[in-house]
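Worksheet for the structure shown next.
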Amino acid sequence: MDRIVIVGAGQAGFQAAASLREAGYAGSLTLIGEEAALPYQRPPLSKAYLAGKTDARGLLLRQDSFFAEHAILHRAGTRVAAIDRASRSLRLSDGERVAYDHLILATGTRNRPLPVPGTGLAGVHQLRSLDDADGLRAAIEGAGRIVVIGAGFIGLEFAAVCAGRGLSVTVIEAADRVMARAVSPETSEAFRAFHEEAGVTFLFGAGVSAIEGEGGKVSAVRTADGRFLPADLVLVGIGVVPNQELAEAAGLPVRDGIEVDAFLATSDPAISSIGDCARFPTRFASGMPGGDRLRIESVQNAVDQGRCLAARLTGRPSAYDAVPWFWSDQGPRKLQIAGLAAPGDASVVRRTGAGFSVFRFRAGALSAVESVDRPADHMAARRLLAAAKTVTPEQAADPDFDLKALAT
Ligand code: FAD
């Protein structure tokens, strides 16, 4: 294989490139990304970077010199417009053709648009990219009343940063609790309380009917039940959609993501897909209502899939089987999740010291552990899940039970 081309210079695309070189791949390696910056980490955009605790250089996955030293051609500010599978080439948006022997689609996701009037007003923001974060950082300076639409991870992290600066923050959420798709009711309840203590106001079960403005600038958010919330800054954080259009237009199967097999290959053996945009089979989703294939939006998944694919392309194939894990920093609280919980999974709470963990069970087996300020529980949970070991609900609830010993 002489030419590997990666579309998407984010966490997954970068990792695949770095791991290919680490594994000894000596052919040509091109990393094409539409963003202008060198590949960077997104998590700090809603945490340390937003809070002004790190600068743009601190976000970079590697400095400029890394790419030259490893003969990775990083083409920044370059959008891929189409894949021509018959000739194994890409068409860039300026018409240039780039040939490949193997193509890696690591195109990530984009923010889900809010389908109401007013989202184009000045002062209405989303948060996905460094440019978005720069816009938000500047907007926070002059803002007094902030409305966040969506109580997911990004909305809550943003709310915590703003509340920490003494700003008035209201979070509107359509569900009846925070992070409802991802965590147990127990964890939701604890985070609701943490944020309320910090001064955040929540409106649950509330839809948004319009964002209103004066002179082209946002002035308020109107809820579906007629409430009117004055605002000078609105953050819309209602989830993401996969960037799958390139794959779809090229005739590859897509369904809420680019479909890949356990080896991260699409139906075309010359094309693989990794990271947020890839929908793959995993034992960690077995027994879930939607079946055992899904997309995972996390740094862990992007990095581990990049590594797994690089190993296959350099002659060491193995099915992708990494334990999913995730973290979210919300004010002083650290949430860590190991495994994948479905909404109906049972919960058992383990309280020790300042933090707690919620052990989730599906069909009697451990499915996930949500730890709040309990890093030791999180690490033990990752080891348990990797080894497909379980605990009983009684063991999980007993703070004296030695989880670490069971996990090793
Ligand atoms: P991305 O990083 O999104 O990269 C995809 C890249 O492909 C983008 O740069 C995009 O512009 C480019 N692209 C798309 N289409 C084309 C095209 N046609 N041509 C050229 N380029 C293209 N995860 C955690 O685990 N913990 C966290 O605390 C956490 N916090 C987060 C906070 C924020 C604000 C955000 C936005 C995400 C956070 N995440 C977190 C999620 C994590 O950052 C993602 O899961 C990860 O970035 C996925 O990597 P990826 O490479 O698949 O996609």
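Each ligand, and each atom within it, is numbered from 1 in the order the structure gives.
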Donor-acceptor pair, side chain of R374 and main chain of A354, under 3.5 angstrom = no

Report the distance from atom CZ of R255 to atom CD of Q244, rounding to the nearest 0.5 Å.
-> 11.0 Å

Below 4.0 angstrom from a heavy atom of R128, which ligand 1 atoms are there? Numbered from 1 as shown, please.
-> 1 (P), 3 (O), 36 (C)

Closest to atom 7 (O) of ligand 1 among protein heavy atoms sits G8 CA, 3.2 Å

Short N/O distance, under 3.5 Å, between A302 and ligand 1?
-> no

Aromatic ring proximity Y320/F280, centre distance under 6.0 Å = yes

Under 3.5 Å between some N or O of ligand 1 and some N or O of C277?
-> no

Starting from atom 26 (N) of ligand 1, find the nearest protein heavy-atom neighbour and note its residue, name and distance.
-> W327 O, 3.2 Å

Does NZ or CZ of R137 fall inside the cone over Y49's six-membered ring, less than 6.0 Å from its centre and within 45° of the axis?
-> yes

Do S286 and D292 have a side chain donor and acceptor closer than 3.5 Å?
-> no

Go through ligand 1 atom by atom and flag the ones less than 4.0 Å from a non-hydrogen atom of G275.
-> 52 (O)

Indicate whether the side chain of S357 and that of D377 have a donor and an acceptor atom separated by less than 3.5 Å.
-> yes

Sub-4.0 Å atoms of ligand 1 with respect to non-hydrogen atoms of A106 = 5 (C), 6 (C), 7 (O)

Quick one: nearest non-hydrogen protein atom to atom 18 (N) of ligand 1, plus distance?
-> V80 O, 3.0 Å

For S298, the ligand 1 atoms with a heavy-atom partner under 4.0 Å come out as 23 (N), 25 (O), 45 (O)

For L246, the ligand 1 atoms with a heavy-atom partner under 4.0 Å come out as 18 (N)

Look up atom CZ in F202 and atom CZ in R192, then write down how far apart they are to the nearest 0.5 Å.
-> 8.0 Å

Can you figure out which of T107, L335, L50 has its heavy atom closest to atom 15 (N) of ligand 1?
-> T107

Does any N/O atom on R42 come nearer than 3.5 Å to any N/O atom on ligand 1?
-> yes

Name the closest protein heavy atom to atom 40 (C) of ligand 1, giving the residue it belongs to and the distance to 0.1 Å.
-> P43 CG, 3.8 Å

Going by the order shown, which atoms of ligand 1 are within less than 4.0 Å of some heavy atom of E35?
-> 8 (C), 9 (O), 11 (O)

Identify whether NZ of Lys or CZ of Arg in R351 sits under 6.0 Å from the centre of the six-membered ring of F356 and within 45° of that ring's axis.
-> yes

Below 4.0 Å from any atom of ligand 1, is there a heavy atom belonging to T78?
-> yes

What about the rings of F326 and F153, do their centers lie closer together than 6.0 Å?
-> yes

If you count the atoms of ligand 1 from 1 in the order shown, which ones are under 4.0 Å from a heavy atom of S46?
-> 32 (C), 33 (C), 34 (C)

Where is the nearest protein heavy atom to atom 51 (O) of ligand 1: which residue, which atom, and how far?
-> A12 N, 2.8 Å

Ligand 1 contact by K47, heavy-atom criterion under 4.0 angstrom | yes

Counting both backbone and side chain atoms, is some N or O of I274 under 3.5 Å from an N or O of ligand 1?
-> no

Have a look at I6, D276, V299 and point out the one with the heavy atom closest to atom 48 (C) of ligand 1.
-> D276

Mind checking whether H195 and F191 have parallel, tilted or perpendicular rings, split at 30° and 60°?
-> tilted

For atom 53 (O) of ligand 1, find the nearest protein heavy atom and state the residue, atom name and distance (0.1 Å precision).
-> G108 CA, 3.4 Å

Quick one: look at F14 and ligand 1, take heavy-atom pairs under 4.0 Å, and tell me if it's side chain, backbone, both or neither.
-> neither

Donor-acceptor side-chain pairing of N243 and R110 below 3.5 angstrom | yes

In the protein, which heavy atom is nearest to atom 24 (C) of ligand 1, and how far is it?
-> F326 CE1, 3.3 Å

Counting heavy atoms only, which of L45, N243, I154, N301 is nearest atom 33 (C) of ligand 1?
-> I154

Can you pull out the closest protein heavy atom to atom 21 (N) of ligand 1? Residue, atom name and distance to 0.1 Å, please.
-> E34 N, 3.1 Å

Going from OG on S272 to CG on L103, what distance comes out if it is rounded to the nearest 0.5 angstrom?
-> 8.5 Å

So, S188 and R177: side-chain donor and acceptor under 3.5 Å apart, yes or no?
-> yes

In terms of its nearest heavy atom to atom 17 (C) of ligand 1, the top option of E157, Q11, R79, Q300 is R79

Mutual orientation of the aromatic rings belonging to F66 and F14 [parallel < 30°, tilted 30-60°, perpendicular > 60°] | tilted

Q11 and Y40: side chain donor to acceptor below 3.5 Å | no

